[in-house]
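The block underneath contains the structure these notes are about, expressed in structure tokens.
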Amino acid sequence: MDVSPILDQLNDAQRQAVSAPAGNQLILAGAGSGKTRVLVHRIAWLIQVERISPFSIMAVTFTNKAAREMRGRIEELLGLNPRGMWVGTFHGIAHRLLKAHWQEAKLPQNFQILDSDDQLRLIKRVSQGLQLDEERWPAKQTQWFINHNKDEGLRPDYIQTHGDPHQETLVRIYRAYEEACQRGGMVDFGELLLRAHELWLNNPRLLQHYQDRFPFVLVDEFQDTNTIQYAWLRVLAGDRCAVTAVGDDDQSIYGWRGAKIENIQRYSQDFQGVETVRLEQNYRSTRTILDAANAVIENNFGRLGKTLRTDGDDGEKISLYAGFNEQDEARFIVERIEEWQRKGKSLESCAILYRSNAQSRILEEALLRESVPYRIYGGQRFYERLEIKNALAYMRLIINRNDDAAFERVINTPTRGIGSKTVDGIRLFAREQGCSMWDASEQMVSNKGLSARAANSVAAFCALLNELDNQTQELSLEKIASAVINSSGLIEFHEKEKGEKGQARVENLQELINACRAFNPENDDLSPMEEFLDGAALDAGEAQADEFEDAVQLMTLHTAKGLEFPLVFMAGVEEGLFPHRMSAEEPGRLEEERRLCYVGITRAMEKLYISYAESRRMYGSETFNNVSRFVKEIPDALIEEVRLKTAITRPVSFGSSYGDSAQSRPRLGQRKLAGRLSDDGGDTGLSLGQRVLHPSFGEGTILHFEGNKIQINFDDVGSKWLIAGAKLDPL
DNA sequence: AAGATAGTCGTTTTT
DNA sequence: CGACTATCTT
């Protein structure tokens, strides 16, 4: 066997990981160290050198995107599609198991997946059903409670309430929610994992079957596994399976979602003879960038230890810019991007990363002003959009009339005169009869259990669905979607919505038909529509329009994990924002913020800009933040502070409230600076060296004017840059 | 059933 | 501040 295609072009550590003898292995893969490559080559090695059948291999990822990429790259390397291999997300694989063994899992064959929005609605209804005050038991919090416990593998019976009445009520809702899910054949994300785990624990023969089938399991992003995922893997692995765990403890940024960074350490103890390989050679960033990243992450304790190295050049220093407010910061970034563009570089190669989504608006405005195209990642996902979920609900009802969640969603969408009172009545009747809302509706229509008006509307709705079902029996998925969207009245409903919103929604519905056309069914046991709907629930769909235009990329630091860009801006690197004030207190959470910073820095290939704003409007009021502690953790030698030396072109506006001081005479030698005019044409009356009073900082002396900012040395709080318009009273 | 209005709340979000 | 929700109004 010629192993060169598999091992060539790998460094020693990568080669060691790829060609290790079959067994448990932990691959600690630093940022940019070729992690996916090693994973893919390891699989190729198993198949081609160790002669392992693809049927014996399972590869688990966290995102659909990662799963797709892995499948694609394996195919590329092997030159063929490794049939029989399972590649998917934890949730996707759990779903597959439950679909295959629905009876053992005690689920209806056509069980539905609840996304978090569906889940929240259901929790609200369940809480109402228990007569609980929504103020005291906010559905959001209950949802967090339920999901948190499911992530920990805890069913209601196993939760320790210690007699705390608050906890006990939450457990009661949890229990009622579970019953509602079971009644309606609905499964949320956490439940998929929990059920799949229990499926094996309760069916030893089934477990045996899968243990025999998958002697090789590979897991990507191991640092992001939560308790139930780890437990599931542990059960599958038994004591014969070889597990390859790939991860980076320094890039664990989802602890707040239940991910357990400790799972990496635990793995070495729980699994037999784990061989550890560190991938520390970085192929992405300049030495300067890596040194900065290493210096920051060194401040965390209890790391498994790993230092990124490169053979590359030092590269440029990291530029640090102190904007005097968020607008100034945004303007600075946009100017640097235009500069980059003038050098003939693409916009696609630039990313602006920020801690929280709220920061994107100011950046967008600045980009818009200069007509720089941009693309924002994150935000609402395609299959989570209201109009899409409505259309899908019709499709779900075609398959299964007893899908109450879908029923409630569209019985009056578009509005057809069925108010909440009627729906409440149907729900109540369904509960009493122990039947679905669909059945309840039919009964109430024939029993005269409804007002004539309501009965009419409900009957019409039922007829519409029955007709859709009949019409579409033999049609392709695309035609079904098209029929649903057109006959349901959803298009007209959204068309008359005012503003651009309606237009966008109609386009999205059109896009849904396109997605149906492009859909490739793979599972013979399911109808294409069933398969499509399951897929839609598990894959949010990276609907990003305008993929073709060259555009700057805007996203949160979390979203940027796994990506790389030649030019990176980290914006808003301030105390309070990053690290976020909610995380700054607890050491564990602060360390996670630091890992996020590490992730951010290591996204940059050639050049990194870090910026912050000395003053920022947050929640409507102005806040003054210091530069982030993380910046101070970067050695000075790697940083170059940017001070704009641009000519003062813009007039300064300190407001017109100083009209009376227009006569105050600038002192000699300061005429040029002090004589600038404010926007409304009046002299600001402020001059260098002048004493002023600020409402929060007290008295100070004006040190500098620059652009439309002003530096003042305050007696109490030291020197600060303020914006034009700051409330300054000349003394 | 749409529109207006008051009140709330405010990190990050793989599935 | 401003986006989103719940509630009230016509």
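Just so you know, these numbers come straight off a predicted model, no measurement behind them. Here is the naming used below: chain letters follow the sequence lines, and residue numbers restart at 1 for every chain.
- Considering only heavy atoms from C-beta on, A:Thr63 stays 4.5 Å or farther from A:Lys561 through its side chain.
- For A:Asn64, a side-chain nitrogen or oxygen approaches OP1 or OP2 of B:dT15 to under 4.0 Å.
- Residues A:Arg416 and A:Tyr254 both approach DNA chain B. Their nearest nucleotides, taken by heavy-atom distance, put A:Arg416 toward the 5′ side.
- Taking only side-chain nitrogens and oxygens, A:Tyr619 never comes nearer than 4.0 Å to OP1 or OP2 of C:dA3.
- Here A:Trp232 and A:Tyr230 keep their ring centres 6.0 angstrom or further from each other.
- Separation of the A:Tyr612 and A:Phe324 ring centroids does not fall under the 6.0 Å cut-off.
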Derivation of the ring pair (Phe, Tyr, Trp, His ring centres under 6.0 Å) call for A:Tyr394 and A:Phe407
CA-CA 8 Å; A:Tyr394 279 96; A:Phe407 183 93; over 10 Å; no

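- Atom OG1 of A:Thr142 sits about 9.0 Å away from atom CG of A:Leu120, to the nearest 0.5 Å.
- When rounded to the nearest whole Å, the span between CG of A:Leu353 and C1' of B:dT12 equals 13 Å.
- As rounded to whole Å, 8 Å separates atom P of B:dG10 from atom CE of A:Met582.
- When ring centroids are compared, A:Tyr254 and A:His558 come within the 6.0 Å threshold.
- The side chain of A:Ser356 lies closest to B:dT11, out of C:dA3, B:dT11, B:dT15.
- Rounded to whole Å, the distance from CD on A:Gln229 to P on B:dT15 is 12 Å.
- The CD1 atom of A:Ile411 sits 12 Å away from the P atom of B:dA1 (whole-angstrom rounding).
- Centre separation under 5.5 Å together with a plane angle under 30° does not hold for the ring of A:His558 and the six-membered base ring of B:dT12, so they are not marked as stacked.
- Note: NZ (A:Lys140) to P (C:dC4) measures 11 Å, nearest angstrom.
- Atom CZ in A:Phe62 sits about 21 Å away from atom P in B:dT12, given to the nearest Å.
- Which of B:dT11, C:dG2, B:dT15 sits closest to the side chain of A:His580 comes down to B:dT11.
- Of the side-chain N and O atoms in A:Asn357, one or more sit less than 4.0 angstrom from OP1 or OP2 of B:dT13.
- For B:dT13 and C:dC4, the P atoms lie 15 Å apart once the distance is rounded to whole Å.
- OP1 or OP2 of C:dA6 sits under 4.0 Å from a side-chain N or O of A:Lys124.
- Residues A:Ala537 and A:Glu135 both approach DNA chain B. Their nearest nucleotides, taken by heavy-atom distance, put A:Glu135 toward the 5′ side.
- In the interface, the side chain of A:Arg589 is paired with the base of B:dT11 through a donor and an acceptor atom under 3.5 Å apart.
- Side-chain nitrogen and oxygen atoms of A:Thr556 include at least one within less than 4.0 Å of the OP1 or OP2 phosphate oxygen of B:dT13.
- Aromatic pair A:Phe111/A:His95: centroids less than 6.0 angstrom apart.
- Looking at heavy-atom distances under 4.0 Å, A:Thr61 makes no contact with the nucleic acid at all.
- Using a 4.0 Å heavy-atom distance criterion, A:Gly417 is classed as a sugar-phosphate-only contact.
- Between A:Thr415 and B:dA2, a side-chain N or O to OP1/OP2 separation shorter than 4.0 Å is present.
- The aromatic ring of A:Trp256 sits over the base of B:dT12, with ring centres less than 5.5 Å apart and planes tilted by under 30°.
- The interatomic distance linking A:Arg195 (CZ) with B:dT15 (C1') rounds to 17 Å, in whole Å.
- Between C:dT5 and B:dT12, the two P atoms lie 15 Å apart (nearest whole Å).
- Residue A:His91 places a side-chain atom within donor-acceptor reach of the base of B:dT15, judged by atom type and a 3.5 Å distance cut-off alone.
- Nearest to the side-chain atoms of A:Arg361 among the listed nucleotides B:dA1, C:dG2, B:dT15 stands C:dG2.
- Residue A:Gln327 contributes atom CD, which lies 14 Å from atom P of C:dC1 at whole-angstrom precision.
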